[in-house]
Amino acid sequence: MFGGIEAGGTKFVLGIGSGPDAIIARTSIPTTTPAQTIGASIDWFRQQQAVSALGIASFGPVQLDRTAANWGHITKTTKPGWSDTDFARAMGDALGVPVGFDTDVNGAALGEARWGAAQGCGTAVYITIGTGIGGGAVVNGSPLHGLGHPEMGHVLPQLHPDDSGFAGICPFHGRCYEGLVSGPAIKARWGASLSELAPDHPAHAIVGWYLGQLATALQAILAPDRIILGGGVMKTPGLIDRVRTSARALGSDYFPGDLARIIVPTGLGEQSGLAGAFVLAEAALRE
């Protein structure tokens with residue numbers, strides 16, 4: 001059995017199991033302060049059966065370089081109080097197990113590649129559109145890393161012709177994808193969540209256009225077999241079809257493949273992140 005944590009800015013989902021269909025214990029706790037949230041996580045795992053390893057799929061940015069002194073830390077984040085938080089080492093030391101650590105979206109991509117919508121894919125991307133926008137990629141079974149980790153939500157897109165007056169809410173980049181079409185950006189611009197707005201409201205076309213642009217950029221850069229879209233904003237009825245339509249128009253039939261098969265919803269639903277945490281735990285034990 002492995003322990004897993006999907007660490008989000010609103011809540012932590014904790015579980016023990018070996019896959020999305022083999023979870024023997026599960027709970028969630030609110031994300032408050034680092035001391036309270038990490039302490040509550042440690043206490044919960046100590047009350048469960050022993051695990052062989054722990055995987056953490058965390059909101060970020062995070063330090064993934066194992067040679068760095070601050071490996072396992074959440075680094076410069078917009079989440080108040082969490083910058084420079086020692087997370088992975090604190091959990092591993094308290095529980096006495098090896099820890100696998102990655103971003104929440106890389107974790108979700110791993111979960112989808114093992115059990116979900118990206119099974120059998122050489123290259124797959126998972127994008128979450130919710131409180132923030134983030135993206136993770138799995139290439140030949142491994143999460144994509146570089147000097148840091150992908151920050152797909154902080155790319156600066158071309159502005160929609162009907163959206164030039166909005167400054168964006170990202171404190172770092174203003175009009176990046178996160179600053180324009182995350183859940184809080186939609187609410188700041190139009191006063192409600194996308195699903196609460198009338199079906200003919202122009203927000204639906206604008207959000208679909210931006211996400212189609214992101215999908216087209218990913219096709220150009222990574223040529224993924226699958227682009228999986230998750231997160232609360234994607235629960236809006238009809239949005240995924242708008243994304244495909246926009247990507248088809250913006251791509252001008254240049255890229256290969258059927259967008260109905262490339263741009264898809266999650267196969268694991270809200271289990272993607274926790275499933276990916278189990279994959280990270282398994283890799284940590286193997287290493």
Side-chain angles (χ1 to χ4, degrees), residues 1-9 11-20 22-29 31-77 79 82-115 126 134 136-138 141-146 148-150 271-287:
M1 290 289 108
F2 299 113
I5 300 177
E6 180 187 8
K11 66 179 180 179
F12 277 27
V13 177
L14 317 177
I16 294 177
S18 55
I23 298 173
I24 63 170
R26 178 186 173 121
T27 193
S28 66
I29 58 176
T31 307
T32 56
T33 67
Q36 289 176 334
T37 312
I38 293 173
S41 300
I42 291 168
D43 290 343
W44 185 82
F45 279 109
R46 283 175 170 167
Q47 294 167 13
Q48 310 303 315
Q49 76 171 62
V51 297
S52 301
L54 176 70
I56 301 173
S58 176
F59 72 91
V62 295
Q63 176 57 266
L64 300 180
D65 182 358
R66 281 195 174 264
T67 66
N70 66 336
W71 171 82
H73 282 55
I74 295 173
T75 58
K76 187 185 294 185
T77 179
K79 181 70 175 172
W82 280 82
S83 290
D84 302 318
T85 293
D86 185 352
F87 188 5
R89 279 199 175 99
M91 292 296 307
D93 289 348
L95 300 178
V97 295
V99 176
F101 186 63
D102 214 312
T103 63
D104 50 357
V105 282
N106 266 349
L110 284 168
E112 291 286 341
R114 176 72 68 88
W115 294 289
Y126 180 95
V138 171
S142 298
L144 185 63
H145 297 159
H149 51 76
Q271 300 262 60
S272 302
L274 187 58
F278 292 146
V279 177
L280 292 169
E282 179 185 313
L285 181 64
R286 188 168 59 245
E287 291 167 3

[atom1]/[X] to [atom2]/[Y] distance, rounded to the nearest 0.5 angstrom?
X: Ile5; Y: Ile29; atom1: CD1; atom2: CD1; result: 7.5 Å
X: Ile74; Y: Ser83; atom1: CD1; atom2: OG; result: 9.0 Å
X: Ile38; Y: Asp43; atom1: CD1; atom2: CG; result: 12.0 Å

Practice task
Please check if the side chain of Asp84 supplies one atom and the backbone of Lys76 the other of a donor-acceptor pair under 3.5 Å.
Solution key: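 No: the side chain of Asp84 does not pair with the backbone of Lys76.
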
Exercise for the section: Answer yes or no: is there a donor N or O on one side and an acceptor on the other, between the side chain of His149 and the main chain of Asp102, under 3.5 Å? Expected result: no

Handout entry: Qualifying salt bridge (charged side-chain N to carboxylate O under 4.0 Å, His left out) pairs, either residue in residues 276-287, two or more places apart
Key = Arg114-Glu282, Glu282-Arg286

Taking all non-hydrogen atoms of both residues, which atom of [X] and which atom of [Y] are closest, and how far apart?
X: Ala277; Y: Gly4; value: CB-CA, 3.7 Å
X: Gly15; Y: Leu274; value: N-CD1, 3.9 Å
X: Ala7; Y: Phe87; value: CB-CE2, 3.7 Å
X: Ala281; Y: Gly3; value: CB-O, 3.8 Å
X: Lys79; Y: Gly9; value: NZ-O, 2.7 Å
X: Gly17; Y: Met1; value: CA-SD, 3.6 Å

Review item, side-chain donor-acceptor pairs of residues 89-101, under 3.5 Å, at least two apart:
residue	atom	partner	partner atom	Å
Arg89	NH1	Ala69	O	3.2
Arg89	NH1	Trp71	O	3.2

Handout entry: All pairs passing side-chain hydrogen bond (donor to acceptor under 3.5 Å, both in side chains) where residues 48-62 contributes a residue, at least two apart
Key = none

With sequence neighbours left out, write down each residue that passes side chain to side chain donor-acceptor pair (under 3.5 Å) with [X], or none if nothing qualifies.
X: Gln271; result: Arg26
X: Asp104; result: none
X: Thr31; result: none

Practice task
Could you check if a side-chain atom of Leu280 sits within less than 4.5 angstrom of a side-chain atom of Ile56, using non-hydrogen atoms only?
Solution key: no

Handout entry: Flag side-chain contact, heavy atom, 4.5 Å: Thr85 against Thr77
Key = no

Go through the structure and list residues passing side-chain contact (heavy atoms from CB on, under 4.5 Å) with [X], not counting sequence neighbours.
X: His73; value: Asn70, Asp86
X: Ala275; value: Pro20, Trp115, Leu268
X: Thr33; value: Ala35, Gln36

Problem - Results of ring-ring contact (aromatic ring centres under 6.0 Å, His included) for Phe2 - residues two or more places apart only - result: none

Practice task
For Trp82, enumerate each residue passing the ring-ring contact (aromatic ring centres under 6.0 Å, His included) test, keeping only those at least two apart in sequence or located in another chain.
Solution key: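 Expected list: Phe12, Phe59.
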
Practice task
State, without any angle test, whether Glu112 and Ser272 hold a side-chain donor-acceptor pair at a distance under 3.5 Å.
Solution key: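 Glu112 vs Ser272: donor-acceptor pair found between side chains.
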
Problem - Those residues that, when tested against Arg66, pass salt bridge (charged side-chain N to carboxylate O under 4.0 Å, His left out) (two or more places apart) - result: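 For Arg66 there are no salt bridge (charged side-chain N to carboxylate O under 4.0 Å, His left out) partners, ignoring immediate neighbours.
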
Problem - Verdict with supporting geometry, Ile16 and Trp44, side-chain contact (heavy atoms from CB on, under 4.5 Å) - result: CA-CA 11 Å; Ile16 294 177; Trp44 185 82; 4.1 Å; yes

